[in-house]
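One structure is given here, and the rest of the page talks about it.
Quick note: residue numbers are just sequence positions, from 1.
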Amino acid sequence: MNTIQGIVLNTDGTWKPLQDIELKTLQEAVGGYVTCATEMGYTVWANDDGISLQLPFNPSTFVLYGLAMFGDCVITGGSDVEGNTLPIDDSHIRKIMSVIPIDVKYISSVIKNDVIRLAILNSI
């Protein structure tokens with residue numbers, strides 16, 4: 001079973017899980033070359049050309065982090081001492097879940113994850 005490594009914050013105000021946080025996957029998720037900002041110990045990955053491509057404003061990055069980002073963005077953990085990207089931690093996933101609705105196409109993949117399923121069950 002895959003675990004959640006990152007969260008894609010869609011410009012429609014929803015989120016979906018990301019099971020891989022390799023550079024190629026991050027680029028696919030944001031639709032091009034990536035740029036990042038570190039906020040509150042987490043990394044927000046966005047399309048480096050988001051403004052020039054006139055990608056839509058991402059309301060979720062503003063609500064969660066106060067960052068004006070454009071296009072779909074990915075949230076991961078920070079980085080280790082060697083600069084490797086770390087996965088998002090469970091407490092931050094729960095925070096995102098409490099503020100941003102999930103993209104309904106991904107509910108079953110989230111519920112399969114033991115940690116997230118437990119968080120959902122405990123919140124009901």
| request: Decide whether V74 and I93 are clustered together by the hydrophobic rule: side chain heavy atoms of Ile, Leu, Val, Met, Phe, Trp, Tyr closer than 4.5 Å, transitively. | output: no
| field | Nearest heavy atoms of T11 and P56, plus distance in Å | value | CG2-O, 3.6 Å
| said: Let me confirm one number: the CG-OG distance from N10 to S60, rounded to the nearest 0.5 Å. | reply: 8.0 Å
Name each donor-acceptor pair under 3.5 Å that joins a side chain in residues 22-34 to protein atoms two or more places apart or in another chain, with its distance.
residue: T25; atom: OG1; partner: D20; partner atom: OD2; Å: 2.6

| message | Among residues at least two apart in sequence or on other chains, which ones pass ring-ring contact (aromatic ring centres under 6.0 Å, His included) with F62? | response | none
| Minimal non-hydrogen separation, G13 against P101, with atom names | O-CD, 3.4 Å
| field | Exam field: side chain D80 to backbone E82, donor-acceptor pair closer than 3.5 Å | value | yes
| field | Donor-acceptor contact present, side-chain S79 to main-chain N84, <3.5 Å | value | no
| task | Under the side chain to side chain contact (heavy atoms under 4.5 Å, CB included) rule, what do Y65 and I75 come out as? Steps first, then yes or no, please. | result | CA-CA 11 Å; Y65 311 103; I75 310 304; 3.3 Å; yes
| Honestly curious: do L18 and I7 fall in one hydrophobic cluster under the side-chain, below-4.5 Å linking rule? | no
| note | So CE of M69 and CD1 of I51: to nearest 0.5 Å the spacing works out to 9.5 Å
| note | Contacts satisfying side-chain hydrogen bond (donor to acceptor under 3.5 Å, both in side chains) that involve residues 35-48 (not counting sequence neighbours) are Y42-D89, W45-T76
| request: Report yes if some heavy atom in the side chain of I88 is under 4.5 Å from a heavy atom in the side chain of Q5; otherwise report no. | output: no
| If you take all heavy atoms of C73 and V44, which pair is closest and at what distance? | CB-CG1, 4.2 Å
| message | Exactly one of D103, I4, T3 should register a side chain to side chain contact (heavy atoms under 4.5 Å, CB included) with P17. Which one does? | response | I4
| task | Report yes or no: do F57 and L53 belong to one cluster of Ile/Leu/Val/Met/Phe/Trp/Tyr joined by side chain heavy-atom distances under 4.5 Å? | result | yes
| request: Indicate, with yes or no, if V8 and I100 share a hydrophobic cluster defined by side-chain heavy-atom contacts under 4.5 Å among Ile, Leu, Val, Met, Phe, Trp and Tyr. | output: no
| For I102 and T14, what are the C-alpha separation, side-chain angles and deciding distance, and is it a side chain to side chain contact (heavy atoms under 4.5 Å, CB included)? | CA-CA 5 Å; I102 188 169; T14 63; over 6 Å; no
| Do you reckon L9 sits in the same ILVMFWY cluster as V63, going by side-chain contacts under 4.5 Å, direct or chained? | yes
